Amino acid sequence: QVQLVGSGGGLVQAGGSLRLSCVAPGSIFSVSAMGWFRQSPGNQRELVATIDSSGSANYADFVKGRFTIARDNAKNTVSLQMNSLKPEDTAVYYCNLKFPIDFIKRTLEYWGQGTQVTVSS
């Protein structure tokens with residue numbers, strides 16, 4: 001069973017910063033794409049940022065210029081640095097891992113337990 005362990009959420013005032021981290025199993029981390037998603041009450045889970053195995057990152061428009069995703073293959077960790085936080089960033093943030101199994105052309109997907117981020121106005 002693949003476990004993703006997230007940390008770093010909390011309460012912050014608007015304009016503040018938080019850093020989320022997620023540790024994944026070392027056996028599959030370096031070849032996997034990693035991402036952060038979020039879900040607020042009454043809304044669907046949405047993509048925040050992704051980073052592939054080569055380190056190429058993509059961001060949702062609503063976080064561009066404010067959030068930075070990074071991976072450390074030596075520590076099997078993906079992080080999300082969140083700056084200039086807004087009240088609308090309040091959500092549960094989930095770490096995501098996509099592990100490709102090339103010989104059967106499938107991708108296995110795993111989720112962390114979620115960490116709450118609350119931004120007060």
Side-chain angles (χ1 to χ4, degrees):
Q1 186 175 355
V2 173
Q3 279 195 315
L4 306 180
V5 181
S7 62
L11 172 64
V12 66
Q13 288 190 329
S17 298
L18 283 174
R19 183 182 179 88
L20 306 182
S21 293
C22 174
V23 182
S27 58
I28 61 173
F29 181 82
S30 64
V31 299
S32 298
M34 302 297 299
W36 289 96
F37 290 69
R38 71 185 188 186
Q39 187 169 19
S40 54
N43 294 313
Q44 290 188 333
R45 192 172 296 188
E46 60 184 357
L47 183 147
V48 175
T50 62
I51 186 165
D52 66 17
S53 59
S54 69
S56 179
N58 284 289
Y59 299 91
D61 286 344
F62 53 78
V63 302
K64 281 182 180 177
R66 299 189 298 126
F67 292 10
T68 302
I69 189 171
R71 64 188 298 153
D72 184 338
N73 288 346
K75 297 181 179 179
N76 306 320
T77 299
V78 63
S79 61
L80 185 69
Q81 178 66 41
M82 304 184 293
N83 299 327
S84 302
L85 282 160
K86 305 175 181 180
E88 51 263 44
D89 293 319
T90 295
V92 177
Y93 283 70
Y94 295 91
C95 178
N96 175 268
L97 181 150
K98 290 185 173 65
F99 173 53
I101 305 179
D102 292 336
F103 76 96
I104 58 172
K105 293 181 171 53
R106 282 192 62 190
T107 299
L108 301 182
E109 185 172 34
Y110 301 94
W111 295 93
Q113 80 280 15
T115 184
Q116 177 70 46
V117 171
T118 303
V119 184
S120 63
S121 57

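Here, residue 1 is the first one in the sequence, and each next residue gets the next number. Here the structure is a predicted model, which is why all the values come from computation and not from measurement.
At least one donor-acceptor pair closer than 3.5 Å links the side chain of Thr115 to the backbone N or O of Gly9. No donor-acceptor distance shorter than 3.5 angstrom exists from the side chain of Ser21 to the backbone of Ser79, with no hydrogens or angles considered.
Taking CZ of Phe67 as the reference point, atom CG of Leu85 lies at 5.0 Å (rounded to 0.5 Å). Interatomic distance, CD of Gln13 versus OG1 of Thr118, reported as 13.0 Å (0.5 Å rounding).
Between Leu4 and Pro25, some side-chain heavy-atom pair lies under the 4.5 Å cut-off. Side chains of Trp111 and Arg45 form a contact here, defined as non-hydrogen atoms less than 4.5 Å apart. Annotation: side chain of Arg66 is not in contact with side chain of Met82 (no heavy-atom distance under 4.5 Å). In this structure, the side chains of Gln1 and Tyr110 stay at 4.5 Å or more apart for every pair of heavy atoms. Two residues are said to be in side-chain contact when any heavy atoms from C-beta on lie closer than 4.5 Å; Glu88 and Phe62 fail this criterion. The shortest distance between side-chain heavy atoms of Tyr59 and Ile51 does not fall below 4.5 Å.
Judged by the 6.0 Å and 45° rule, Arg71 forms a cation-pi pair with Phe29.
The shortest non-hydrogen separation linking Thr90 to Val119 is OG1-N, 2.9 Å. The two residues Leu20 and Trp36 come nearest to each other via the heavy atoms CB-CH2, 3.7 Å. Lys98 and Glu109 get closest at one heavy-atom pair: NZ-OE2, 3.1 Å. Closest of all the heavy-atom pairs between Ser84 and Ser17 is N-OG, 4.4 Å. Minimum heavy-atom separation, Leu80 to Ala49: CD1-CB, 4.3 Å.
By the criterion of side-chain heavy atoms lying less than 4.5 angstrom apart, applied directly or through intervening Ile, Leu, Val, Met, Phe, Trp or Tyr residues, Leu11 is not grouped with Val117; the two fall into different hydrophobic clusters. Residues Leu18 and Met34 fall within the same hydrophobic cluster, defined by Ile, Leu, Val, Met, Phe, Trp and Tyr side chains chained together at heavy-atom separations under 4.5 Å. Hydrophobic cluster membership is shared by Val12 and Val63, with clusters built from Ile, Leu, Val, Met, Phe, Trp and Tyr side chains linked at under 4.5 angstrom. Hydrophobic clustering (ILVMFWY, side-chain heavy atoms < 4.5 Å, transitive): Leu47 and Tyr93 are in distinct clusters.
For the side chain to side chain contact (heavy atoms under 4.5 Å, CB included) test with Ser32, the passing option among Val2, Leu97, Asp52, Val78 is Leu97; the others fail.
Every residue was checked against the salt bridge (charged side-chain N to carboxylate O under 4.0 Å, His left out) condition with Lys105, not counting sequence neighbours, and none meets it.
In this structure, Lys86 does not pair ionically with Asp89, as no charged nitrogen and carboxylate oxygen lie closer than 4.0 Å.
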